[in-house]
Amino acid sequence: MYIPDYTAAVLRRLEDSGYKSYIVGGCVRDTLLGLTPKDYDIATNAKPNEVLALFAGYKTITAGIKHGTVGVVTGGVVTEITTFRCDGEYANHRHPVSVEYSDSIEDDLARRDFTVNAMAYSPTTGLVDPFGGMKDLRGGILRAVGEPVQRFTEDALRILRGVRFASVYGFEPEPETTRAMLQCAHLLSAVSAERICVELYGALGGPYAEKYMHKFRDVLAPVIPELPAMAARPDPACGDMLRRALAVATAVGEPIWLRLAALLEHVDWRGREESALAASDILRRLKTDRHTRDSAFRLIREPEPADLSRPGIRRLVAKLSPELAVGLLKLRRASAAAARDAEAAEKYTAALALADDILASGDCVSLSMLEIGGDDLIALGVPAGKKLGRLLGLLFEEVLDGKLENTKHALAARASELIAGSQK
Ligand code: ATP
Ligand code: MG
């Protein structure tokens, strides 16, 4: 099993001093799947102060030391080293009241959420897999460690993590885990919006989102109560509106506001304005940051762009912003593809290519990009004030339409013409 040098060095240092140490959790899962882990977490029986002493020569991060975690920087990378733990009682369906250190990796694995996440590995001892994680990984099965209802009652966030792992990896939650996810879903109301968003965004970005966020719409209902109602509305192309929304959200890509706009653009059956408002409410409840919320809102509210010519797209960019205009075209394209309208999808692919070209060539798409400014017009004898603003606006319109070149010379000439015309 491949472990990067900087991680292997940390394991060796711990073992050379007589401690047990393993890589554990997500990095073991991902490596066994042939994926590159985001990061490597290490579990050890060394206590946090012992870890600190052992890595005295290194930069360390102690923000998580209360929970037994010390970060050690080796090779420019932070590796989190956490002392084996067994969690005590849980409070508020989220946090263990007390954390007890343990001498055994098995204890530490027993408190983890799913069997595929409850494996440890070390080059000296090999794979530690007391809950059949390897078998479940091979079978593509998501199974809670221990008694699922108890595990989800302890910490309800695990339910949403389950939806995320299904959506990202395509793991099928086994029947008992599935039942418990449904049975305990109401406990999600105790989980903070911030934690919910992390998992929700992760799930929405997964390649299996359409399948599993649809299947678990009732699990997600405490988070977004509108989802089950969307599934009850038929859609000719995809079966129902939730399936359609998820298909679009999967196809449309990043950033997250684009996926959220796709998920919520038909959340209210009455129409665009109502859906935009409902989406904004949902995202406010989820405490989504303002930029994400506003971007999704504006995209949902924006009518289908009628003019996809170069000037038309320039106008769209000028009205929205480069990122929102490109987002809108992507959303419309993914939406057309989900509705099996190949012709419309192609039209938007062409429009996206045009938008790329407009942005790459530096076409003038904002007043600030106009090669003439208020001062130049004042020099031409236009008095400062409303009239000047109107004149700039006129010039900008003509440049957007491609009727006027965006050069100081052409703009000044045209401005003089317009001034002369208005003085007649
Ligand atoms: P990712 O690839 O998204 O990082 P991960 O499985 O590594 O997935 P982390 O949140 O980084 O997830 O957590 C690391 C490990 O800690 C998990 O693999 C799991 O073993 C354990 N874990 C994390 N959160 C929980 C939880 N809420 N309950 C139980 N175990 C958890
Ligand atoms: Mg991780």
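Whatever order the structure lists them in is the order used to number ligands and atoms, beginning at 1.
- Considering only non-hydrogen protein atoms, atom 3 (O) of ligand 1 sits nearest to Arg164 NH1, 2.8 Å.
- Polar contact check, Asp41 against ligand 1: no nitrogen or oxygen pair lies under 3.5 Å apart.
- Atom 1 (P) of ligand 1 has its closest protein heavy atom at Lys38 NZ, 3.4 Å.
- When only interatomic distances are considered, the shortest N/O to N/O separation between Arg29 and ligand 1 falls below 3.5 Å.
- Heavy atoms from other residues, nucleotides or ligands lying under 6.0 Å from CD of Glu343 number 12 at most.
- The protein non-hydrogen atom at the shortest distance from atom 19 (C) of ligand 1 is Asp113 OD1, 3.6 Å.
- Considering backbone and side-chain atoms together, Tyr169 places no N or O closer than 3.5 Å to any N or O of ligand 1.
- A donor atom on one side chain and an acceptor atom on the other are found under 3.5 Å apart for Glu172 and Tyr212.
- Between Tyr22 and Phe84, the ring planes are tilted. Angles from 30° to 60° get that label.
- Remark: side-chain polar atoms of Ser321 are not paired, donor with acceptor, to backbone N or O of Val317 under 3.5 angstrom.
- Ligand 1 lies nowhere less than 4.0 angstrom from a heavy atom belonging to Leu157.
- Here the heavy atom of the protein found nearest to atom 28 (N) of ligand 1 is Arg158 NE, 2.7 Å.
- Side chain of Thr288 to main chain of Arg284: no donor-acceptor pair is present (N/O by atom type, distance under 3.5 Å, no hydrogens or angles).
- The closest approach between Arg151 and ligand 1 stays at or above 4.0 Å for every heavy atom of the residue.
- Ala231 pairs by the side-chain contact (heavy atoms from CB on, under 4.5 Å) definition with His214, Arg217, Asp240, Leu242, not counting sequence neighbours.
- When only non-hydrogen protein atoms are considered, atom 7 (O) of ligand 1 lies nearest to Gly26 CA, 3.4 Å.
- Residue Gly25 approaches ligand 1 through these ligand atoms, each under 4.0 Å from one of its heavy atoms: 18 (O).
- Nearest to atom 13 (O) of ligand 1 by heavy atom, out of Arg112, His95, Arg161, is Arg161.
- Between Phe55 and Tyr58, the ring planes are perpendicular. Angles over 60° get that label, and only those under 30° would be called parallel.
- Below 4.0 Å from some heavy atom of Arg111 lie the following atoms of ligand 1, by number and element: 29 (C), 30 (N).
- When heavy-atom distances to ligand 1 are checked against a 4.0 Å cut-off, Tyr40 has no atom that comes that close, whether in backbone or side chain.
- A side-chain donor-acceptor contact under 3.5 Å links Thr178 to the backbone of Glu174.
- Not a single heavy atom of Phe114 sits under 4.0 Å from any atom of ligand 1.
- For atom 27 (N) of ligand 1, the closest non-hydrogen atom of the protein is Asp155 OD2, 2.8 Å.
- Close approach of ligand 1 to Asn117 (heavy-atom distance below 4.0 Å) involves ligand atoms 6 (O), 18 (O), 19 (C), 20 (O).
- Using a 4.5 Å heavy-atom threshold, the side chains of Cys86 and Asp108 count as separate.
- Listed for the Thr44 side chain is no donor-acceptor partner under 3.5 Å among the backbone atoms of Ser21.
- A cation-pi arrangement is absent between Arg161 and Phe114, since the terminal nitrogen or guanidinium carbon is not both under 6.0 Å from the aromatic centre and inside a 45° cone about the axis.
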